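What follows is a short report on a single structure.
Values reported hereafter were calculated over all heavy atoms of this structure, with side chains retained and with hydrogens, waters and symmetry mates removed. All figures in this text were calculated on a predicted structure; none of them were measured in a lab.
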Amino acid sequence: MKLPVIKYLIAVMALAILHLNVLGQDSVLLKRGVVNDRVQANVSRKLGVDSVRAGNDSLRSELRKINLAFLSNIRISSLAEVVAQLNEKSNAYAAINSRTAEDSISTVKRMISEEIRQLRSMKGSIGNYVNSLHTTRQQIGDVVSRFDINAGNHGRAYQYLNNAELKLTAKMDSLELIGRSIDQLISTNQHHLTRLDQLHTTKSNSSNRDSLRSKSSLWKANSTSISKEVILNNIRSNYSNNKSIDKYVNRTDWASRILLIVLGMAYCYWIARVAYVLRQHDAQNKIAIDTIVGKTVIFLLTLLPFVNFFTPTFILQASQLLIMLIFMFLLRHKMTGQQRKIALILIVFYLLDVFANMIVSDDLLLRIICIAFNLVALGLVSYTKRRIQNPQSPGYVSSFVYVLFAILNITAITLNIIGHVDHSRSFSIACAVGLVQSFTLQYFSDMIKTDVRNQFRKDRLVAGFWRRFNEQRTLAIVAKILRVICILLAIIVLANNLQFIEQLWNLSETFFGKVRSIGSISFTLGNLVVAILLLLVANWFQKNISLIVLGGEDGQINQVYDQKMTLFPLFRLAIILIGFFMAVSALGMSLDKLTVVIGALSVGIGLGMQNIINNFVSGIILVFDKPFRVGDQIELADKKGRVKEIGIRASVLKTGDGADVIIPNGDLLSGRVVNWTLSQEYSKTSFVLHIDRKADLEEAKQWIRDAMAASPHFVNDRESGISVQDISEDMIYLSVSCWVNFAANVSAFKNDLLIILYKQFEEAGLKFYSVLPPKSS
């Protein structure tokens, strides 16, 4: 039993030893494998880093291509607000019914059509936004798939692209919602438009039938009894044919009303401030609160038609009457008895005429009454024109107003006779309102010009800003502006009273808004007018920039010049260029086309305008090189004086005799210029005095020194000298040299010196006279 056990143990030990050897070999191989794996891993890591770096650079390049800046331009809140406002207007259109006036229906139809065009334009813009968003989202998807971007790798890029996609999704959802709202709103407005078309057709047929019934000549007119009910019905009927006040109030944009109110408040503050300052300097100038309030009300009512061109005739009639009454109150102390009587007759007649035309109908008696009022109006205006010949007097009727008034009255009478009663009423009311407006506009212009004169008076007392400008030229510019404003107001009021303001508005939109072409350049007349106004404003501003900034008096720059004014030619050039490019932009012309035109003309400009370009470039060099400045005393050839202005093309030299010499900048740059005040303001002068040989030389020199010191232009702390130049049989020639405080004061200094010496030598009974040395000396 022992032998097998021993053999078994020996076998087990052998197996164990063999197993240990195998394990040892495996561990060695394992260690070798681990080492090899580590080497391969290091190699792979190095290769991976290089590839990752290359991948990151490529990823950054692709990320830069993804444009998200346009997301800030998509203002969802603004689009939603506009859609909400248009939706409120659309809801209001549902209230339009058969009782609405025909012209109001036409106006609402035009507004709805314009809003439909606006909504379709917004729809197109939203479509463009959505396309851009889809393109950007597709770019993001391509980058994610190409670089396998996820939360595990490229964490920052993944977060950036994920946030970008969320923003894109939010924008697209909002735009889609707004787009659906716009589609629904367009459908609703088209439904309103269809309904109003039917309603307009019905009312047009009805009005045509009514007009056919009313178009009966005067000798065929009906003669019925006039009662209170008939008059009230006529007023209601005539009022319903005009633009209703409620539509005017609800339709007018509040921005225009607020702007007019702000202008009125500014005007009230202006005239009150001027009156207060004048009252402080002159006790006779009283601050009349009623005058300030009355003028402010006149200002607001006169400019009221600009708030909304479609103004009801009743508002125009009432505003003109109120303006006339306020003016009579303000001018009560200036009007003569005859003028006051004419004004009262005019107001009473105005009220009766408007009332008669409001109650007129096809009835024979009422039509005869209206014709009688037209004839009385012609006689009244003719009488007023004969009696008041002074254009500055209140109540003066100009020839143009008289002729226009006569034409309108004759037209009203003719239309009444042939049976067009409605049109006759419109012409009669237009005559009455136009006549009163001709007076009120004249008073309005005189009122504004008087306020401008008071402003000049105030600024002359307190050395204010307006003192810099010439009063007469300023009043002439104000008069031209007021003339344009008055013409526009007269046209608007006349068109409203004659019931063709809508046709006039559409015609003006077509005339000024039609695109016209000259070659490849397209523009509209409206843009052309704006461009011309911009050029005029820029030209005026560049001419007066020095006066505005540096100050002056009565249109002339101050005598004390600032050296900074030397740079004003560049400012003027900048203003001209800015105004020019703004005008080009307003004209709708592309700047690249303008560049091509300028390039094509550059050769011709260079050959044909050499002198102008030379002077222009020389002016720029003078500004930066500064061989002289504004206010310096210079001498060029035979011209000597003070530099008054350095312009873009030429400079102005003020000579000693007061003449303004205009010298091209090219001559100043290329010529031989002597600047007496380049490094200092002082100027040295010298001249020769001839004194009697009998005079004591030292005493005479002392007289000369005392005379020099007595002049305010003499500079004491600079060297001066008196020396004997020559001696003759009768005279001693003394050469005198000294310094004066400014080169322009040399003549004044010599004048003071010679007067004092003349009296001194005259009292001593000695001969004395002076000569100037030659210029070359």
Side-chain angles (χ1 to χ4, degrees), residues 559-561 627-629 631-644 652-661 663 667-668 671-777:
Q559 294 298 321
V560 179
Y561 287 88
F628 54 83
R629 298 160 299 181
D632 282 353
Q633 190 77 14
I634 68 171
E635 184 176 352
L636 175 66
D638 59 338
K639 300 299 179 182
K640 183 177 181 179
R642 176 176 50 83
V643 180
K644 181 180 179 181
V652 181
L653 192 68
K654 190 80 171 181
T655 61
D657 54 1
D660 289 336
V661 181
I663 304 175
D667 296 344
L668 289 172
R672 190 174 180 180
V673 179
V674 179
N675 192 338
W676 294 89
T677 56
L678 179 62
S679 58
Q680 59 187 6
E681 297 294 332
Y682 303 139
S683 178
K684 189 174 184 179
T685 182
S686 61
F687 46 89
V688 177
L689 294 177
H690 297 185
I691 64 174
D692 199 329
R693 188 169 180 177
K694 298 177 183 180
D696 184 86
L697 186 59
E698 294 301 325
E699 186 179 15
K701 288 184 178 180
Q702 187 60 42
W703 288 352
I704 295 173
R705 294 189 189 97
D706 294 341
M708 288 190 298
S711 175
H713 308 296
F714 177 70
V715 180
N716 293 318
D717 54 354
R718 285 189 170 264
E719 181 183 359
S720 61
I722 305 173
S723 60
V724 178
Q725 187 183 43
D726 200 358
I727 299 176
S728 66
E729 183 178 356
D730 298 325
M731 307 298 292
I732 300 176
Y733 299 88
L734 297 180
S735 177
V736 180
S737 62
C738 61
W739 291 85
V740 294
N741 55 3
F742 196 71
N745 296 329
V746 171
S747 299
F749 167 75
K750 188 182 178 184
N751 175 74
D752 298 338
L753 179 69
L754 292 180
I755 289 175
I756 295 174
L757 291 177
Y758 171 77
K759 293 179 179 179
Q760 192 79 28
F761 277 82
E762 190 73 18
E763 291 176 358
L766 300 173
K767 296 179 180 180
F768 164 81
Y769 60 92
S770 168
V771 293
L772 282 173
K775 289 186 178 181
S776 58
S777 62

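Listed by first and then second residue, the side chain to side chain donor-acceptor pair (under 3.5 Å) pairs that reach into residues 752-761 are Ser711-Asp752, sequence neighbours excluded.
Across every non-hydrogen atom of Phe714 and Met708, the tightest pair is CB-O, 3.0 Å. In this structure, Asn741 and Pro712 approach most closely via the heavy-atom pair ND2-O, 3.9 Å.
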Begin with the C-alpha distance, continue with both residues' side-chain angles, and end with the deciding distance and a verdict on side chain to side chain contact (heavy atoms under 4.5 Å, CB included) for Val674 and Ile634.
CA-CA 5 Å; Val674 179; Ile634 68 171; over 6 Å; no

Might you work through the side chain to side chain contact (heavy atoms under 4.5 Å, CB included) test for Lys654 and Asp660, ending with a clear yes or no?
CA-CA 5 Å; Lys654 190 80 171 181; Asp660 289 336; 2.8 Å; yes

Pairs under 3.5 angstrom only: tabulate donor-acceptor contacts from the side chains of residues 719-737 to other protein residues two or more places apart or in another chain.
from, atom 1, to, atom 2, distance (Å)
Ser728, OG, Met731, N, 3.1
Ser728, OG, Met731, O, 3.2

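For Lys640, there are no side chain to side chain donor-acceptor pair (under 3.5 Å) partners two or more places apart in sequence or in a different chain. For Asp667, there are no salt bridge (Lys or Arg N to Asp or Glu O under 4.0 Å) partners at least two apart in sequence or on another chain. Considering only residues two or more places apart in sequence or on other chains, Asp706 meets the side-chain contact (heavy atoms from CB on, under 4.5 Å) condition with Gln702. Not counting sequence neighbours, the partners of Asn751 by the side-chain contact (heavy atoms from CB on, under 4.5 Å) test are Ile755.
Distance check: Phe768 CZ to Leu757 CG gives 4.5 Å after rounding to the nearest 0.5 Å. Remark: His713 NE2 to Cys738 SG distance equals 12.0 Å, nearest 0.5 Å. Atoms CD1 and CZ, on Ile691 and Phe761 in that order, are 5.0 Å from each other to the nearest 0.5 Å. Rounding to the nearest 0.5 Å gives a distance of 13.0 Å between CH2 of Trp703 and CG of Leu689.
At least one side-chain heavy atom of Val643 sits under 4.5 Å from a side-chain heavy atom of Leu653.
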